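What follows is a short report on a single structure.
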Number of protein chains: 2
Amino acid sequence: MQELLRSHIEKIVPLTDKEFELVISHFTVADFKRNHFIFEQGEKVKHAYYIISGLLKLTYVDDSAKEHIVSFAMEDWWESDFYAYFTQTKAAMSLKCLEETTVFCLSLNDYQNLCRDMPKMESFFLQKAHLGFIGSQQRILSLLTTNARERYEQLLQQYPALLQRVSKTQLAAYLGVSRETLSRLHD
Amino acid sequence: MQELLRSHIEKIVPLTDKEFELVISHFTVADFKRNHFIFEQGEKVKHAYYIISGLLKLTYVDDSAKEHIVSFAMEDWWESDFYAYFTQTKAAMSLKCLEETTVFCLSLNDYQNLCRDMPKMESFFLQKAHLGFIGSQQRILSLLTTNARERYEQLLQQYPALLQRVSKTQLAAYLGVSRETLSRLHD
DNA sequence: CTGAAATAGTGATTAATGTCACTGGTCAAT
DNA sequence: ATTGACCAGTGACATTAATCACTATTTCAG
């Protein structure tokens, strides 16, 4: 299981056995059942999570109790409410398991120590942050330029496996349309 | 003018005079007139830009020739098509001056050398990348959860100065609504 | 096995927004 | 001063998507 994290990191920076030992010592493992909230809106965000297996959704529930999905996160992804994590403030979003999920947990302290003691890891996180930023910007572009149907088709093309794993209702909450509209897109 | 960049960096990491000299040696200065394209869709993206003064827009023109604004960038901001910049591929977006603008330019090579030679600067860029990612995610949330009017009000609250500097047409292209709809929001 | 909850589809209606067409105003270059 | 480009507003209408209501299936915990 640790090997998953190792090869994930080594896609960007090579590590000796010794170095990886140091890295892994900063993480803890956790396992969550389906439908479990890792954290909820208003709670403190203790960790950033690297997902070993399973599927999470990062959601925001608005005033009228409607749920919006900011992102899905699956195997080999990092997820958290990063604003709340880095600023140590209350979560604006919730992180919930759509499947039973196993993660590596990294507290902010451990993150900072790791960066301080291992410049390599700081490079790694920098790369990850860039990729996250770029991905978000593409999502913005998609929301600005395309309608419900096109976004749905883009999503299916990019993550065909997702359709097997989450309900249409969830997909609609991610795409920013009502589930009824999504249901009518075949016409 | 260099002092602007210096204090910008020092908000996150302190620098000695010597260190700042090294930093600044990686940048060049450029000045662009209103309406000048720093780069256009399909071109190579040579630099990331730190804005000293002026105002830029990062835009995408779709198949039906409609312009969408991914972001405005003003004094004290970084901007580029970061995907194209980091991967050294053709720009998917254009970067255009809405006002006469002065920038510090950083090539990818200089960026990489700077990170390699000065871990402090890597920390700095990591922070910046996190903030960029968080900002984008909040924009996504805004697009998912709010209608045209609410987005407009959010924008005015966050950047009241922007209304003085860009046309309503531009704001509409940023908010993701037609300029006519934006124009009717007073009702 | 069984009943409650979640899910998907669809018709009818309403609300929000886009599109097209036109007006008048401002500004800058000739 | 005149012209052309850009800009903001608005009426009329079309289109898209949201909402509400209902049905039928599927899933899953007890």
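The structure displayed is predicted, hence computed values, not measured ones. Lettering of chains follows the sequences in order, A, B, ..., and the numbering in each one begins at 1.
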query: Hey, is the side chain of B/Ser167 poking within less than 4.0 Å of OP1 or OP2 on D/dC6, counting only N and O atoms?
result: no
query: Counting N and O atoms only, with roles assigned by atom type, does the side chain of B/Thr101 sit under 3.5 Å from a partner on the main chain of B/Leu55, one being a donor and the other an acceptor?
result: yes
- request: State yes or no: are the ring centers of B/Tyr50 and B/Phe27 separated by less than 6.0 Å?
  value: no
- prompt: How long is the span from the CD1 atom in B/Ile38 to the OH atom in B/Tyr49, to the nearest 0.5 Å?
  reply: 6.0 Å
- prompt: How are the rings of B/Trp78 and B/Phe125 set to each other: parallel, tilted or perpendicular (split at 30° and 60°)?
  reply: perpendicular
message: D/dG9, OP1 or OP2 - any side-chain N/O from B/Lys168 closer than 4.0 Å?
response: yes
message: Tell me if the centroids of the rings in A/Phe82 and B/His130 come within less than 6.0 Å of each other.
response: no
A/Asp81 with A/Lys90: basic N within carboxylate O range, under 4.0 Å: no
- prompt: Rounded to whole angstrom units, what separation is found between the OH atom of A/Tyr152 and the P atom of D/dT16?
  reply: 19 Å
Nucleic acid footprint by protein, nucleotides 19-30 of chain D - heavy-atom cut-off 4.0 Å, B for base, S for sugar-phosphate alone: BB----------
task: Could you check how far CD of B/Glu150 sits from C1' of C/dA16, rounded to whole Å?
output: 12 Å
message: So if I take every side-chain heavy atom of B/Ser183 and compare against D/dG9, C/dG18, C/dA8, which nucleotide ends up nearest?
response: D/dG9
- prompt: Would B/Tyr85 and B/His47 count as a close aromatic pair, with their ring centres under 6.0 Å?
  reply: no
- request: Could you walk me through whether A/Glu99 and A/Arg165 pass salt bridge (Lys or Arg N to Asp or Glu O under 4.0 Å), step by step?
  value: CA-CA 9 Å; A/Glu99 303 174 356; A/Arg165 296 174 76 177; 2.9 Å; yes
field: Protein-nucleotide distance (A/Arg165, atom CZ; C/dT7, atom P), rounded to Å
entry: 16 Å
query: How long is the line joining CD of A/Gln164 and P of C/dA8, in whole Å?
result: 12 Å
task: Using five pairs at either end of the helix from C/dC1-D/dG30 to C/dT30-D/dA1, determine the angle between the two local helix axes and round it to 10 degrees.
output: 50°
- line: On DNA chain D, more 5' by nearest nucleotide between B/Leu182 and A/Leu182 is B/Leu182
- request: Please state how far atom CG in A/Leu98 lies from atom C1' in C/dT7, giving the value in whole angstrom units.
  value: 14 Å
message: Just the rounded figure in Å: distance from P of C/dA16 to CG of B/Leu175.
response: 17 Å
query: What is the distance, rounded to the nearest whole Å, between atom CG of B/Leu144 and atom P of D/dA17?
result: 15 Å
- request: Nearest whole angstrom, please: distance from the C1' of C/dT17 to the CG of A/Asn147.
  value: 13 Å
Side chain B/Thr87, main chain B/Tyr83, donor-acceptor under 3.5 Å: yes
